[in-house]
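Structure, as structure tokens:
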Amino acid sequence: MPSYNPADVEPRWQAFWETSATFRTPDPGDPSVAGKPKYYILDMFPYPSGSGLHVGHPEGYTATDILARFQRMRGFHVLHPMGWDAFGLPAEQHAIATGEHPSINTKNNVDNFRRQIKSLGFSYDWQREVDTTDPDYFRWTQWIFLQIYDTWYDPELKKGRPISELPIPPDATDKQAYIDSHRLAYLAEVPVNWCEALGTVLSNEEVIDGKSERGNHPVVRRPLKQWLMRITAYAERLIDDLASLDWSESIKQMQRNWIGKSVGAEVKFQVSGSKFQVEVFTTRPDTLFGATYMVLSPEHALVAQITTPEQKTAVEAYQQQASRKSDFERTEMAKTKTGVFTGAFALNPANGKEIPIWIADYVLAGYGTGAIMAVPAHDERDFEFAKQFGLPMVTVVTPNEKWLKDTGSVIDDLNEAYTDDGLAMNSGMLDGMTTEEAKRKITAWLVVEGKGEAKVNYKLRDWLFSRQRYWGEPFPILHELDAAGNRTGVIRTLEATDLPLTLPTLADFKPTGSPDGPLAKATDWLTVELDGKTYRRETNTMPQWAGSCWYYLRYIDPQNPQAFADAGKLNHWLPVDLYIGGAEHAVLHLLYSRFWHKVLFDRGYVNCVEPFHKLVNQGMILGENGEKMAKSRGNVINPDDVVKEYGADALRLFEMFMGPLEAVKPWSTKGVEGVYRFLGRVWRLMIDDTAATVTLNATVKDVLPDRDALRILHHTIQKVTDDTARLSFNTAISTMMEFCNYFTKLEVRPRAVLEPFVLLLAPYAPHIAEELWAALGHGPTLAYEPWPGYDPELVKADSIEVPVQVNGKLRAKLRVPAEIDDAALKAAALADAKVIEALAGKTPKKVIVVPRKLVNFVV
RNA sequence: GGUGAUGUAGCCCAAUUGGUAGAGGCGUCCGUCUCAGAAACGGAUCGGUGUGGGUUCGACUCCCUCCAUCACCA
């Protein structure tokens, strides 16, 4: 087997690493890691789907593996684990279809994923593998849920605190209700997308045109009692702490947008002739005088109470219709606005004028107060709505001349909404003020009048945390029942010692068609007698995000039966130094995870405020035709096939060579062949491919490398080291290709340059590197060999070529000593025949000498 | 519509603080080897950086306009 044969080399080394436990990570305190700095490199763990790995997975995993191997060789104590985010809908649907417990399907998929990942030679510590569906894992998911349940947010200290420390006002009529309403995990009635036919709640993404994405069944908005997490309490900290993170600006921006902080005012409008008030949030309180009507969301609690008898039928019909639309459809800009007049009027608090109150579905119940003051002259949607229904419009911000001209408007008759800042007009006390001044003035006035206050609003809503599913973590929650079997409203939590609460076995996993979820069918499991009382278990399960919120903590101490992880170990490893994964998790997972981490921090369980210090998103790999890989397009590449044909090292190398890690780039089979050829050249550089066994090539000699050989080597070490450290893997690989091309041409290849090269290659193509390392007479593994160092002196060339320009045009190239100083360089340039010709006897007005780089004469 | 990113050779991509536009790979062509092909090896090929302006001795790099593509949000 003299020629390069990954099918022989790779399984052999994978078996060696496995049996030798090469990548077992010792716990902190182990003598073998004394004095080493730590480095925690995390992958976004996969959902083990039935279709197996696609080539996008190994892209991120290879990047982290290169870093992990690199850092080990650089003397770091490296944590590099892998696991499975294995709860989720596909396994449940498989179970519904087959009647087979979802854990069986999940296990099969996990086994397949593990096999595939292992075939790529990643240096994970497999002893730390975690699986979110393992009761020993989700026991702690449930435990963390209970900590969150046991926490309230103190807005004074800006900190989550034990619920036992919550001050209860003496006038609170129902103390328990007061406490429960302050917990970070709480039950509340919220409008959800309910699909009767499927018997479950759906996310907004699962609803299309008021129908379920699967099955096309009708979906309605319906209030249901659900578990929520008070992530909104942490909104400010989730924004502020982004500043300290080494994340790309675009991901930070996405998180900021999602949280959607806006500063403005809350204003109270009195409903004419009634005791009711409508509160609205606005970012433009300066336009209050221009509020000519109000709009409530169709779900707003006051709608029924203020609607006049004449309008009742129309309003109710409209509410019905709106309940069938998703938020997305309702807020789409392009759609024609719809709405209905309630018959009621409100008083504009600024000028006392009566303005009509409408309902319209472009106002969402969940954002702000679920009601708006409409300022059609200065808000696009209000403008469209006013045009549609012939509502009055008053300009209260003076548009600039250019805008008036561009839009063909005159001040009292705008052709579109003027949304920019400008001087206030038609606004009484605000007239002539800038937008900034007017905002401040009117807000202060509202406070004095008791009609409003400054307010910060967030687009972020509390996190809907329950699902009507089987295949998820059960809540460790009991609902107390009275003698008649009805809920008393009292909630009891399971003791930590009673965890995990495992899922009951069911004969069928279909939804029940009621908001209870499939767990309600487990009659034996459902009812619990404790201390003479009867309880019914919570039958919803947690969303898939739950397990992935904290898995990076469990890797640190995966078998700990006493705690989710040992405090000392957490202190050692946290935070994660580098986290790599797909951009699809830029918002939800990363936000939820940061939220949980902050609660755990507040409660003293972790020692840092942010879990992931540096985050990198690998770009998507497209199909060979430049389109997104999809079965329907027939352009999906299966990593198994690539490994079979070219080997794992070639796959790893190619995925890193395609381009920058973060870029979107197309697959290229020719490109894989290219790196495969490179590996073949590296092999032949050192191995005699005519020999019967792996034998060193006769050109490999124990001779002193010459000056050029040393320069190439040290340049290669420098470039590969720097590029690897900054995740510029594609350029590191091209540098190694240059090295190989150079030495391939030589008949004498000094061992002293080949050996460091093999070490440089090792993080990228570990199998071939181990094989070559062994062939060079070393062993048993290079995984912990010190990373080669370089001498900057040796990187320098003896002589360099310096371009000479006259008026910015290239006129000559000088071959000069590398150490030349500026004066000598200038002199050399002036002495050059071509330069003399170009100057044509003129004296340069200016001479620019860039040290050792360039000379430019300006004449 | 908003936010962010990206436009360099036939293709994928380099060019770290503005300083000779080109490292690497793919493709194509020509050689060597071969009966021939494949493989391997050697050599060559091609553009002036999406567009239009500006700053500068000098711009892929900085600033402005527009265009295109992608991602996220609406």
Side-chain angles (χ1 to χ4, degrees), chain A residues 3-4 204 248-260 327-335 362 364 367 380-381 416-417 419 459 582-588 617 619-622 624-628 650 653-660 662-681 683-684 689-690 715-716 718-719 722-723 725-726 728-742 744-745 800-814 844-859:
Chain A
S3 57
Y4 175 50
N204 279 339
S248 72
E249 204 41 52
S250 71
I251 298 286
K252 288 187 184 182
Q253 197 54 41
M254 277 189 222
Q255 293 229 335
R256 285 192 202 104
N257 288 345
W258 189 266
I259 297 168
D327 287 0
F328 178 80
E329 295 172 83
R330 288 172 49 162
T331 52
E332 246 180 326
M333 286 295 287
K335 288 257 168 82
Y362 78 94
L364 300 178
Y367 182 68
E380 288 172 33
R381 292 189 214 179
E416 53 189 79
T419 55
K459 204 169 72 186
E584 68 273 20
H585 294 117
V587 180
L588 296 180
N617 289 113
M620 207 191 336
I621 295 182
L622 304 175
E624 200 136 16
N625 54 2
E627 292 173 19
K628 216 172 199 169
L653 211 53
F654 172 64
E655 293 214 4
M656 295 301 99
F657 186 60
M658 293 169 81
E662 295 183 73
V664 177
K665 54 235 158 199
W667 184 264
S668 159
T669 301
K670 288 287 182 189
V672 188
E673 283 174 14
V675 293
Y676 177 74
R677 281 204 281 269
F678 162 65
L679 289 173
R681 279 202 295 280
W683 181 264
R684 289 191 303 275
D689 62 353
T690 59
H715 167 256
T716 305
Q718 179 181 34
K719 191 85 168 78
D722 292 352
D723 286 354
R726 62 191 179 100
S728 182
F729 304 125
N730 52 332
T731 52
I733 293 167
S734 73
T735 304
M736 289 192 274
M737 287 173 167
E738 282 178 71
F739 176 96
C740 182
N741 291 346
Y742 179 84
T744 293
K745 288 184 188 128
I800 53 173
E801 196 177 59
V802 176
V804 182
Q805 298 177 341
V806 177
N807 286 339
K809 275 188 143 179
L810 182 67
R811 292 299 180 187
K813 288 180 183 180
L814 304 178
K845 279 185 284 197
K846 195 169 174 186
V847 182
I848 290 115
V849 180
V850 182
R852 286 183 283 278
K853 284 275 189 191
L854 169 142
V855 182
N856 188 13
F857 296 105
V858 185
V859 295

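Small disclaimer: the values here were computed from a predicted structure and weren't measured. For the numbers below, each heavy atom of this structure counts, side chains included, while hydrogens, waters and symmetry mates do not. So you know, we letter chains A, B, ... as the sequences are listed, proteins then strands, and number each from 1.
- Distance from the side chain of A:P660 is smallest to B:A14 among B:G19, B:A14, B:G24.
- For the pair A:M737 and A:D722, both in contact range of RNA chain B, the more 5′-proximal nearest nucleotide belongs to A:D722.
- Taking the side chain of A:K628 as heavy atoms from C-beta on, and the options B:G19, B:A71, B:U16, the nearest nucleotide is B:A71.
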**Study point:** Working for side-chain contact (heavy atoms from CB on, under 4.5 Å), residues A:M737 and A:V675
**Key:** CA-CA 9 Å; A:M737 287 173 167; A:V675 293; 4.1 Å; yes

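- Nucleotides B:A59 and B:G2 are separated by 32 Å at their P atoms, to the nearest Å.
- For B:G58, the O4'-C1' to base torsion is more than 90° from 0; the nucleotide is therefore anti.
- We find that A:K719 and A:D722 are not joined by a salt bridge, their nearest charged nitrogen and carboxylate oxygen being 4.0 Å or further apart.
- B:A68 and B:A21 have their P atoms separated by 31 Å, given to the nearest Å.
- When distances run from any side-chain atom of A:V858 to the nucleotides B:A14, B:A23, B:C57, the shortest one goes to B:C57.
- Using the Watson-Crick or G-U wobble rule with both distances under 3.5 Å, B:U61 pairs with nothing in any strand shown.
- Atom name P, nucleotides B:U17 and B:U61: the rounded distance is 13 Å, in whole Å.
- One finds a side-chain N or O of A:N741 lying less than 4.0 angstrom from the OP1 or OP2 phosphate oxygen of B:G25.
- Using the Watson-Crick or G-U wobble rule with both distances under 3.5 Å, B:U56 pairs with nothing in any strand shown.
- One donor-acceptor pair, N or O on each side, does fall under 3.5 Å between the base of B:A23 and the side chain of A:S734.
- Note: A:N617 CG to A:M254 CE = 7.5 Å, rounded to the nearest 0.5 Å.
- Considering only side-chain atoms of A:Q805, the nucleotide from B:C70, B:C73, B:U20 that sits closest is B:U20.
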Practice item. Assess whether side-chain contact (heavy atoms from CB on, under 4.5 Å) is satisfied between A:K252 and A:Q255, documenting all intermediate values. Key: CA-CA 5 Å; A:K252 288 187 184 182; A:Q255 293 229 335; 5.8 Å; no

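- Taking atom C1' in both B:C46 and B:C29, one finds a spacing of 12 Å when rounded to whole Å.
- As rounded to the nearest Å, B:A15 and B:U55 have C1' atoms that lie 22 Å from one another.
- Taking atom P in both B:G31 and B:C70, the straight-line distance is 43 Å, to the nearest Å.
- The side chain of A:M254 lies closest to B:A71, out of B:G19, B:A71, B:U3.
- Side-chain contact between A:W667 and A:F654 is present, with at least one heavy-atom pair separated by less than 4.5 Å.
- Using atom P as the reference point in both B:A71 and B:C13, the two lie 15 Å apart (nearest Å).
- As the counterpart of B:C13, B:G22 is assigned, both hydrogen-bonding distances of the Watson-Crick or G-U wobble pattern falling under 3.5 Å.
- The side chain of A:R677 contributes no N or O atom lying less than 4.0 Å from OP1 or OP2 of B:C41.
- The pairing partner recorded for B:U51 is none, the criterion being a Watson-Crick or G-U wobble arrangement whose two distances lie under 3.5 angstrom.
- A donor-acceptor pair shorter than 3.5 Å cannot be found between the side chains of A:T419 and A:E380.
- Contact between the side-chain N/O atoms of A:N730 and the OP1/OP2 oxygens of B:A14 is found at a separation under 4.0 Å.
- The partner of B:A44 is B:U28, judged by Watson-Crick or G-U wobble contacts that both fall below 3.5 Å.
- Contact between the side-chain N/O atoms of A:R681 and the OP1/OP2 oxygens of B:G25 is found at a separation under 4.0 Å.
- In this structure, CZ on A:F857 lies 11.0 Å from CG on A:N807, to the nearest 0.5 angstrom.
- With B:C57, B:C70, B:G24 as the choices, the nucleotide that has an atom nearest any side-chain atom of A:F657 turns out to be B:G24.
- The partner of B:C35 cannot be assigned: no Watson-Crick or G-U wobble pair with both contacts below 3.5 Å exists in any strand.
- Of the two residues contacting RNA chain B, namely A:P666 and A:K670, the nearest-nucleotide position lying further toward the 5' end is that of A:P666.
- For A:K665, no side-chain nitrogen or oxygen approaches OP1 or OP2 of B:C12 to under 4.0 Å.
- Using a 4.0 Å cut-off, some side-chain N or O of A:K846 falls inside it from OP1 or OP2 of B:C57.
- Of the side-chain N and O atoms in A:R684, one or more sit less than 4.0 angstrom from OP1 or OP2 of B:C41.
- Nucleotides B:A44 and B:U3 have their C1' atoms positioned 47 Å apart, rounded to a whole Å.
- Within the shown strands, B:C73 is the pairing partner of B:G1 under the Watson-Crick or G-U definition, both distances less than 3.5 Å.
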